[in-house]
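To start, the structure itself, in C-alpha cells.
Both ligands and their constituent atoms are indexed starting at 1 by order of listing.
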Amino acid sequence: MNVLVTGGAGYIGSHTVRMLEKAGHRAIVYDDLSKGHRAAVKNSVFVQGSLFDSRLLAETIRRHAIDAVIHFAAFSCVGESMEKPQEYYHNNVEGSLNLFEAMVAEGVGTLVFSSTAAVYGEPETTPITEDMAKNPTNVYGRTKLAVETALAEQYSRVYGLKYITLRYFNACGADAAGDIGEDHDPETHLVPLILQACLGKRSGIKIFGTDYSTPDGTCIRDYIHVNDLAAAHLLALDALAGGHRSDVYNLGNGQGFSVQEVIDAAEAVSGRSVRRELAGPRAGDPAVLIAGAAKIRRELGWKPEYTDMKDIIGTAWRWHLAHPDGYGDKREDLGCRN
Ligand code: UFG
C-alpha cells in the first residue's frame, strides 16, 4: 500500500514508517517539522508540508497514489495544551478536519488515527475499556476526542471513510537499531527525562505527587514500547483493507508501573543513580491509568513484544547513549528545568 504518514518525522510516526517499509508498504512522510525531525526519516519519501496546505495535500495524495493515511501530526503535550488551547484546537482539530477533507476530495477512504488515553480523564475503574465515559481533564484530550467524534459522526457516516482510532497509553522506548528515538522540545515525558538525568544532562528528576492512593504514593501508568504501538497501526491498516468496520481500540500493555518503579528500572538498566526530588502533583494527572487492551488483542490479533519495563527502557537507553542531544536539530536549555 502507498501510505501517507502525517507526522511521520515524529517519535511514534518515524517508528511506524520504518515498520511500514519493512512490511513492504511505501510510506510517504508528510510533516511540517514543527515538532518532528528530518533525520528521523531515513529512506522514505519526505514532503515538508502543513495540514492546512490543501493544495499540497491533494498534490501529494495524487502524485503518490495514496491508498491510506495514518494521521499522527498533532501537538501532544498535556501541560502546554492548557496554556495554549487555541493552538491546540487549531492544529489538532482544524488541521485534522482539513486533512480529512483532502482525503474525501481525492477519494482516499482509509485512515488510522492517533488518539490518546487522555480522552478518558479520571477513569471510573481500572483497567480502562473503550466504552467507558470520556471526560478529558485537559485540552489535549478534548481536541483528540473532538476529532474522534467528527470521524464517527461526519466522515464515516456521511462520507463513508473507514477508520480505526488507536488510543495510546504511555509510549516509550526506541527501535532496537538505536538510530531513531524520542526527542521532544521541550521534553516533558518521564522516561526520556530520567534517562537524561542518568546521562548527567539534568540534575535529577522531579516526582510529581507522592501522596496518590497507590502502593508507593506515585502515579501509575501503562508504558508501552513504541514498536508495539507501531505494529498496531499495520494491523489496523490490514484490517481496514480486509473490510473491517470503523472502530476504536486502546493500546497499552495492561500493566501499571509507578513513577518510582520506572526510575528504579532506569537505574538498573543504566547502572547510574538519579537524584529524586519529591514535588507536588501535576495538574490534571490521574492516579492510575491502565489500559484494558483485550479488544485489540482479540479483534486485530495485536500482541506486545515488550512487556518487561527494563527491556523497554533498555532500548530507550541505547538511543539516549548514542544520541545524548537527540537528533541535534532543536536545542533547549536543559539547565535545571527538571
Ligand atoms: N512525571 C513525573 N516527573 C516528570 C514527568 C512526569 O513524576 O518530570 C510523572 C507524571 O506525573 C505521570 C508519569 O510521570 O504520572 C508519566 O508522565 P508523562 O508526562 O511521561 O506522560 P503522561 O502520562 O502525562 O502523558 C502521556 C502522553 C500524553 C497522553 C497520556 C495518556 O504524553 O500524550 O500519556 O495517558 F495523553
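His233 approaches Ile70 most closely through the heavy-atom pair CD2-CG2, 3.7 Å. Listed here is the closest heavy atom pair of Ile296 and Ala232: CD1-CB, 4.1 Å.
If you run side chain to side chain contact (heavy atoms under 4.5 Å, CB included) between Val269 and each of Leu195, Ile313, Asp311, Ile312, only Ile313 comes through.
Heavy-atom proximity to Ser76, at under 4.0 Å, picks out these atoms of ligand 1: 33 (O). Close approach of ligand 1 to Cys219 is summarised as follows: ligand atoms under 4.0 Å from at least one heavy atom of the residue are 15 (O). Atoms of ligand 1 lying under 4.0 Å from at least one heavy atom of Thr188, given by number and element, are 5 (C), 19 (O). Listed by atom number, the atoms of ligand 1 under 4.0 Å from Ile205 heavy atoms are 8 (O). Near Tyr140, the atoms of ligand 1 lying under 4.0 angstrom from a non-hydrogen atom of the residue are 33 (O), 36 (F). Numbered from 1 in the order shown, with element, the atoms of ligand 1 that lie under 4.0 Å from a heavy atom of Lys206 read 2 (C), 3 (N), 4 (C), 7 (O), 8 (O). The contact set between ligand 1 and Ala117, taken as ligand atoms under 4.0 Å from a residue heavy atom, comprises 31 (C), 35 (O). Atoms of ligand 1 lying under 4.0 Å from any heavy atom of Ile207, numbered from 1 in the order shown and given with element: 7 (O).
Thr137 and Glu122 share no side-chain donor-acceptor pair at under 3.5 Å. Side chains of Asn138 and Tyr88: no donor on one and acceptor on the other come within 3.5 Å.
For the residues Tyr212, Phe208, Tyr223, Phe169, the heavy atom positioned nearest atom 5 (C) of ligand 1 is part of Phe208. Among Thr214, Asn138, Ile220, Asn170, the residue whose heavy atom lies nearest to atom 26 (C) of ligand 1 is Asn170. Counting heavy atoms only, Asp285 comes closest to atom 12 (C) of ligand 1 of the residues Leu278, Thr210, Asp285.
Both the backbone and the side chain of His189 come within 4.0 Å of ligand 1, counting heavy atoms alone. Using a 4.0 Å cut-off between heavy atoms, Thr218 makes no contact with ligand 1 at all.
Classification of Arg26 and Glu21 as a salt-bridged pair fails, no side-chain N sitting under 4.0 Å from a carboxylate O.
Ring pair His15/Tyr11 is perpendicular by interplanar angle, where above 60° counts as perpendicular and below 30° as parallel.
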Take Glu148 and Ser115 through the side chain to side chain donor-acceptor pair (under 3.5 Å) test and state the conclusion after the steps.
CA-CA 8 Å; Glu148 285 196 18; Ser115 189; 2.6 Å; yes
Verdict with reasoning, Phe113 to Tyr163, per ring pair (Phe, Tyr, Trp, His ring centres under 6.0 Å):
CA-CA 7 Å; Phe113 174 60; Tyr163 68 89; 8.4 Å; no
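The shortest N or O to N or O distance between Leu190 and ligand 1 is under 3.5 Å. The shortest N or O to N or O distance between Leu289 and ligand 1 is not under 3.5 Å. For ligand 1, the polar-atom distance check against Thr116 finds no nitrogen or oxygen pair separated by under 3.5 Å.
Each of Val3 and Leu111 belongs to its own hydrophobic cluster when Ile, Leu, Val, Met, Phe, Trp and Tyr are linked at side-chain heavy-atom distances under 4.5 angstrom.
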